[in-house]
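Labels below follow one simple rule: chain letters A, B, ... track the order of the sequence lines, proteins then strands, and each chain is numbered from 1. Scope of the values below: all heavy atoms of this structure, side chains included, with no hydrogens, waters or symmetry mates.
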There are 2 protein chains.
Amino acid sequence: MMASRSRFASPVLKTARSAGRVSGIRTSTKAAQRTALVGSCSPAPVLLSWPRSYSLRSVSAVRPFSVSASRTASRFTSDAYPDIKRDDRFAQLTEEHVAYFRDVLGKDHALIDGVTSNAVEDDLEAFNADWTRKYRGHCKLVLKPGTTLEVSQILKYCNDNHLAVVPQGGNTGLVGGSVPVFDEIVMNMARMNQIRSFDDVSGILVADSGAILEVVDNWLAEKGYIFPLDLGAKGTCQIGGNVSTNAGGLRLLRYGSLHGSVLGLEAVLPDGTIVDDLSKLRKNNTGYDLKQLFIGAEGTIGVVTGVSIICPQRSPAVNVAFFGLDSYEKAQLAFKEAKGRLGEILSAFEMMDGISIDFVHKVTGNRKPLEADHPFYCLVETSGSNADHDGEKLEAFLEDVMGQEIVSDGVVAQDDTQIQTLWKWREGVPEVVGHWGGVYKYDVSIPLADLYTIVEDTKAKVQEAGLMGDTDEYPVVDVIGYGHMGDANVHLNVAVRRYDKRVEEVLEPWVYEWIEKREGSISAEHGLGLAKKKYIGYSRSPTMVGLMKHIKDHYDPNGIMNPYKYI
Amino acid sequence: MMASRSRFASPVLKTARSAGRVSGIRTSTKAAQRTALVGSCSPAPVLLSWPRSYSLRSVSAVRPFSVSASRTASRFTSDAYPDIKRDDRFAQLTEEHVAYFRDVLGKDHALIDGVTSNAVEDDLEAFNADWTRKYRGHCKLVLKPGTTLEVSQILKYCNDNHLAVVPQGGNTGLVGGSVPVFDEIVMNMARMNQIRSFDDVSGILVADSGAILEVVDNWLAEKGYIFPLDLGAKGTCQIGGNVSTNAGGLRLLRYGSLHGSVLGLEAVLPDGTIVDDLSKLRKNNTGYDLKQLFIGAEGTIGVVTGVSIICPQRSPAVNVAFFGLDSYEKAQLAFKEAKGRLGEILSAFEMMDGISIDFVHKVTGNRKPLEADHPFYCLVETSGSNADHDGEKLEAFLEDVMGQEIVSDGVVAQDDTQIQTLWKWREGVPEVVGHWGGVYKYDVSIPLADLYTIVEDTKAKVQEAGLMGDTDEYPVVDVIGYGHMGDANVHLNVAVRRYDKRVEEVLEPWVYEWIEKREGSISAEHGLGLAKKKYIGYSRSPTMVGLMKHIKDHYDPNGIMNPYKYI
């Protein structure tokens, strides 16, 4: 059902489905002229169209599903992991402790006190339970410091009094790293949310760690800059949490890792020492780059309170194309062509398998971007400084992948709204996958050629075990794969109706052994948290793990920071 | 004296000097057609030409000057720095030690033994003396391991026997970090120079640390990739040394810091532990990113033996433009326009003051790229995937900076040879600046607006002190500034006829205080070595320095690694 028919119908269409589609790259007059030329070229590409009647409204309704699903949640972590015992080194919280914290924080709203009162049980729940509905702690005290000095005073006191602490940003982590296991104090950073400085020549931003990613990015947009990180949880996650988990996200392909873009950090060690490494310089070779230890440390050696980061200029021209493909091999070919044809303007190359897109469709009810179903989909984004040039490059790429029949069908967004809508089909996958009850998530780096094989092998494994089916008796709904193909990072998700020991026994350690054999990473970007702690040995040698434990002991000798997790 | 006159003479030339110059962006037919269009636009840009008779030969003769000058060198460091005493913790080398090392290394050519023989004095000199001619050690033993295991055996033995070690790459450092002070053993990595693996889909390269940067880059060029780092010493420096000094260089603006592009390292700790962190994955969030500590550690906690790094695709289209400008303010404006107009294809923006270019001219005898003299010069490089698009962007930029009279005159390279030649005017500056006898080098990051003020203020300071003049009685020849404007990194160089205490007293600590006031870095990219060790406090707080010392003590409790330097 195409809303607009083409005047540039392709003369060599290979599939009935794509007949009569129009080339629709951006909307400038120049682009239209070029399109006409391209349309008459030989070999003619299979041309693309945007279904104009496509509805945006329903996509934006994705999130409520996952939110409502989260209500079904949560055994206590301590029940789900009976092997983990509360560490006796840690003191029990007393009224005296609470009085001290109340004194430091000054304000009542900076503290949720379930120690001296039972009336705040419901308020504590949001800080105890995580987004995946797999982890839930017994925290009785949430502290929300407003300054770095308060963080320092609190941590020093906790260290002196052997009180365990879980630093918490937006609590959008996926490995149980941001919620307590037992009665650890939650230090929530939401009140430290100010932008401290911005230099609009260099693009160097300094902000509090509790600033929300999307808020910061919108603020930067007004200055013509972009935060060098983007991810689905951007409306909730905090930049301090992003740094602490070394978040990868959607545009690492273009802007690189936080280890490169973070220029400085302010952090507080357990003994209250303020690590004042908040450099606003692009280059500063004066000694060991200690801030790097906090990037990806998941709050286990201190709390990040401020971030200095270099932000790229925002690209005035952004294009998004969305393809259907016959096989993973073709997705690989498309990626190779994208690297060659799009070069420096390629800013994302995302892959979703057919079931992933089916899931989003089923949960949201939205009409799919392409009429037919395809085993694989790719989302390609370009960001550049010149809309005409980018349009030409994208056209050359499209001609290429359509002409070579690498891609079966596709659409190109014609405006920002359509760009957002297409992105929702990618960002929506992790949001809907837990809809049926829960999800086993594996976030994996493996060499590109084998990237999807893990999904196929896992599905076969679960099917063989008789655990997957369409009816309620089967715990597993389906096995899907999607992710950042440009970074060789796939999210293997096993969608389940309920968490079930039999499923876990089939999956683990089998999945980790599979990854180890291919020298992959058992956690590409999600981190270790509680979920992956015991599997680090599949991706790191005993020597490396030993060296890491030294670092932990060096900075946190009492072990108060985010205990029971990481390494 | 222009060799080729324009058929597109500009109708609105502002300066007599630039009359009749041709627009010469690349050589494709399309570009020529566009140029014609641009030439007839209003307001017409001041058009640019390339002097075709320009000689390449003499530029390539730059290096011999600096090499011959290096013969004049070198008091012993121990004489120049009488305050530094040999650390009594370290043992004196004995025949027994040498016998052990000979046994480990097996081959005679892997060892230069001045302990049991005096015949190798001359051979040792190249490992004792550094490129700047300011530092010279008393090393009697050079070891050249061929494998990581040999490095491990050597270091463990040194650690057990309290023998101090200086890891040495290409010995092109500028702060005295790569040569001994006293009788430390030099561990030279030149024999470990193999490429271990390369993945031509992801661009991930794994190589021995002793591989020479230019050799690796040329090897990558054949595969369509580029090493994400480039610097003047590329023909000599080694990638392990680049990583150990966190080298910045000419293209950091585009490809970012090594903290982002290095994916994994193999290194050996003083106790012989092999840090096997040679990940070939773009993303791997499994624990503390310990490899980061070795990036920029200058060999003070271990020896880097292998490097895994992500290499970008090589851009098929490269353009270089070279401008003369009236003032530093105009150079800033040109940079701002370059960021806006060139966007994602801008790969370098370098600045040189007039005296810098005069120096290269005087020492090499080469004809300058521009006829007239200018107070400032900029070199702008673009790298992109589409020559036509890049040409258009460059033209728009040129129209802009010429039309607005930001730039006074300029040329655009027409082929790779001319690109190399223009780059020699930038890369030649550090090569010739020591020609008169020596140079005090400061490698500084400061906010862009103040970047050149430090050069002006330093020159005024030296002049006031009566230390600068044209004749031999004055120690100072001149004060110059050049560097990576795109990274807010300037090289302040004081060219001298001889090293003179009076000059040092005028310069230091005054220069460092100047930088501290502007929250700059006293070492943007050269590192600390011996030269900047005692000045770290101007760029780092006592807290940070204290935390760094803990790291040093943690990994190198006997202090054998590159002693007397760094922190």
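- Side-chain atoms of A:Y538 and B:T286, non-hydrogen and from C-beta on, never get closer than 4.5 Å to each other.
- Atom-to-atom distance recorded for B:N489:CG and A:R282:CZ is 11.0 Å, nearest 0.5 angstrom.
- Per-residue counts of heavy-atom pairs under 4.5 Å with chain B were compared for A:D199, A:T300, A:V262, A:I295; the largest is that of A:T300.
- For the pair B:L528 and A:N285, the minimum side-chain heavy-atom distance is 4.5 Å or more.
- Atoms CG and NZ, from B:D200 and A:K336 in turn, are 5.5 Å apart once rounded to the nearest 0.5 Å.
- Contacts between B:Y535 and chain A at a heavy-atom distance below 4.5 Å are absent for every atom of the residue.
- Neither the backbone nor the side chain of A:I310 has a heavy atom closer than 4.5 Å to any heavy atom of chain B.
- Checked for salt-bridge contact, B:D277 and A:R540 meet the test: a charged N lies under 4.0 Å from a carboxylate O.
- Put simply, the side chain of B:R254 reaches to within 4.5 Å of the side chain of A:E344, judged on heavy atoms.
- Between A:N386 and B:H389 the shortest side-chain heavy-atom distance does not fall below 4.5 Å.
- Heavy atoms of B:H550 lying under 4.5 Å from chain A belong to its backbone as well as its side chain.
- Taking CD1 of A:I345 as the reference point, atom OG of B:S385 lies at 7.0 Å (rounded to 0.5 Å).
- Counting heavy atoms from C-beta outward, B:V275 and A:L547 have side chains that approach closer than 4.5 Å.
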